[in-house]
Amino acid sequence: MRVLIGGGSGFVGRELTCLLKNKGHEVTIISRQPGLGKITWGELESGGLPPCEAAVNLSGENLMNPLRWWNEGYRKDLFSSRVDTTTILSQAIAGSPSPPHAWVLVTGVACYKPSLTAQYTEDSEWTPFDLLSRLVKEWEWAGRLPENIAQNTRQVVIRPGVVLGRDGGAMKQMMTPFWLGLGGTLGSGRQPFPWIHVSDLAGIIAHALVPFPDTPSSAVPQVFNGVAPALNTNYEFTKELGRVLRRPTVFPVPGFVIEALMGSERAIVLTQGQKVEPKRTLESGFQYQYPDLSSALKEIVGR
C-alpha cells in the first residue's frame with residue numbers, strides 16, 4: 001500500500017513511517033522541505049495528489065513548544081499549521097481522479113471539556129468551549145470530504161491524548177527534572193491524564209488504514225480515541241514515573257506558575273484533563289502494546 005503522510009517528519013510521523021515500512025508499505029512524506037521520498041505542501045497544492053491508497057495528516061505546530069511565548073502569533077500558527085494543511089490535503093483528495101480508500105486525520109482530545117467526573121467515549125457529543133476545542137472543531141471540519149468522495153474514501157479521525165515516547169513529545173521535557181529528583185505533580189494532581197504510548201498511536205493509525213468489515217461508507221468520519229485504556233490522574237503518572245526512575249517526586253508545580261510560564265489557554269492541557277475511553281478503538285480489535293503506565297514508562301526509560 002502507498003501511504004501519503006503529512007507531517008511525517010515529526011515525532012509521531014517518524015514512528016508511523018517506521019511501522020508502515022516494516023509492514024512492507026511505501027511511504028511518501030509531505031514536508032515543508034523537498035527531499036528523497038518527500039513532496040512539499042506547495043507541490044501537493046499545485047500538482048495534486050500523488051498516487052496513493054491512503055493518506056494521513058499529522059501536521060501541526062508543537063502546542064507545548066517551550067521556546068515559544070504564548071501570544072497571538074503563536075495561536076495563529078497553531079491554527080494555520082493544522083487547519084490549512086488539512087484543507088490542502090482534503091482538497092487534493094477530493095480533486096484526485098483516483099482518491100485513496102482511507103483518509104486519516106489525527107487531532108486531539110481537547111474537544112472534550114475538562115472534568116474530574118465526566119467520562120468521554122467516541123460517541124460523546126461536544127461543542128467548542130475554549131480556544132483549543134475551537135481549534136479541534138475547525139481542524140476536523142477542514143478534513144471533511146464531499147459526500148460523493150466519501151462514498152469511496154473512508155474517513156477516520158483519531159483523537160490522541162498526551163503522546164509518550166522515548167524520542168520526543170511530552171517526555172522529552174519531563175525527563176531532565178525527574179532525573180534530577182525535581183519532578184512533581186502539576187497543579188492539584190487530581191486532574192485526569194489521558195495518555196498514549198507513541199507506538200500504540202502509530203499502531204492505531206495503521207490499524208485505521210485497513211478497511212473494517214461491515215463498516216458502511218459515510219460522509220461523517222469514524223472517530224477513534226487515541227488513548228490508553230488505563231484512566232490515570234496526573235498524580236498517578238507522576239508517582240509511576242518517579243518509581244520507574246527511582247527518583248523522588250516531592251516538588252509539585254502550582255497551577256499559577258504553569259499559567260505564568262505557558263499562558264492560561266495552553267496551561268489547561270497540563271492543569272486540567274479529561275477521562276477519555278478508547279471504546280471504539282478497543283471494539284475495532286486493536287491490541288495495545290502498552291495499555292498501562294508501568295509498561296509504557298518502563299519501555300520509554302529502558303528499565
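Remember, it's a predicted structure, so these values are computed and weren't measured experimentally. Numbering of residues begins at 1 and proceeds along the displayed sequence.
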Student: Apply side-chain contact (heavy atoms from CB on, under 4.5 Å) to the pair Thr185 and Tyr235, showing each step before the final yes or no.
Tutor: CA-CA 6 Å; Thr185 55; Tyr235 175 85; 3.7 Å; yes
Student: Apply side-chain contact (heavy atoms from CB on, under 4.5 Å) to Leu105 and Trp139, showing your working.
Tutor: CA-CA 9 Å; Leu105 176 61; Trp139 195 359; 3.7 Å; yes
Student: Are the side chains of Lys239 and Thr249 in touch, meaning some heavy atoms are under 4.5 Å apart?
Tutor: yes
Student: Report the C-alpha distance between Arg159 and Val223 in whole Å, list the side-chain angles of each, state the deciding distance to 0.1 Å, and finish with yes or no for side-chain contact (heavy atoms from CB on, under 4.5 Å).
Tutor: CA-CA 8 Å; Arg159 296 174 182 155; Val223 175; 3.7 Å; yes
Student: Of Asp84, Val56, Leu49, which meets side-chain contact (heavy atoms from CB on, under 4.5 Å) against Leu89?
Tutor: Leu49
Student: Does a donor on one side chain sit under 3.5 Å from an acceptor on the other, for Ser295 and Asp292?
Tutor: yes
Student: Side chains of Val162 and Ile196, heavy atoms from C-beta outward: is any pair under 4.5 Å?
Tutor: no
Student: Salt bridge check: are Glu53 and Arg2 linked by an N-O gap of less than 4.0 Å?
Tutor: yes
Student: Give the C-alpha distance, both sets of side-chain angles, the deciding distance and a yes or no for side-chain contact (heavy atoms from CB on, under 4.5 Å) between Leu131 and Phe79.
Tutor: CA-CA 10 Å; Leu131 179 84; Phe79 273 74; 3.8 Å; yes
Student: Only one of Arg68, Arg32, Arg82 forms a salt bridge (Lys or Arg N to Asp or Glu O under 4.0 Å) with Glu61, so which one is it?
Tutor: Arg68
Student: Will you find, in the side chains of Thr153 and His101, an N or O donor that is under 3.5 Å from an N or O acceptor?
Tutor: no
Student: Relative to the ring of His197, is the ring of Tyr290 parallel (under 30°), tilted (30 to 60°) or perpendicular (over 60°)?
Tutor: parallel
Student: When you check the gap from the basic side-chain N to the acidic O, do Arg144 and Glu140 get nearer than 4.0 Å?
Tutor: no
Student: So, Thr271 and Gln191: side-chain donor and acceptor under 3.5 Å apart, yes or no?
Tutor: no
Student: Measuring from atom OG1 of Thr281 to atom CD1 of Ile158, what distance do you get when rounded to the nearest 0.5 angstrom?
Tutor: 7.5 Å
Student: Are Gln155 and Gln222 close enough that a side-chain donor and a side-chain acceptor fall under 3.5 Å?
Tutor: no
Student: Under a 4.5 Å cut-off applied to non-hydrogen side-chain atoms, are Ile30 and Glu43 in contact?
Tutor: no
Student: Answer with yes or no whether the side chains of Asn225 and Tyr120 bring together a donor and an acceptor at under 3.5 Å.
Tutor: no
Student: Between side-chain atoms of residues 250-264 and protein atoms elsewhere (two or more places apart, or another chain), which donor-acceptor pairs fall under 3.5 Å?
Tutor:
none

Student: Just so I know, are the side chains of Lys279 and Asp123 near enough to count as touching, which here means a heavy-atom distance under 4.5 Å?
Tutor: yes
Student: Among residues two or more places apart or on two chains, list those pairs meeting ring pair (Phe, Tyr, Trp, His ring centres under 6.0 Å) that have a residue in residues 16-73.
Tutor: Trp70-Tyr74
Student: If you define the side chain from C-beta out and look only at heavy atoms, does anything of Thr28 sit under 4.5 Å from Ile39?
Tutor: yes
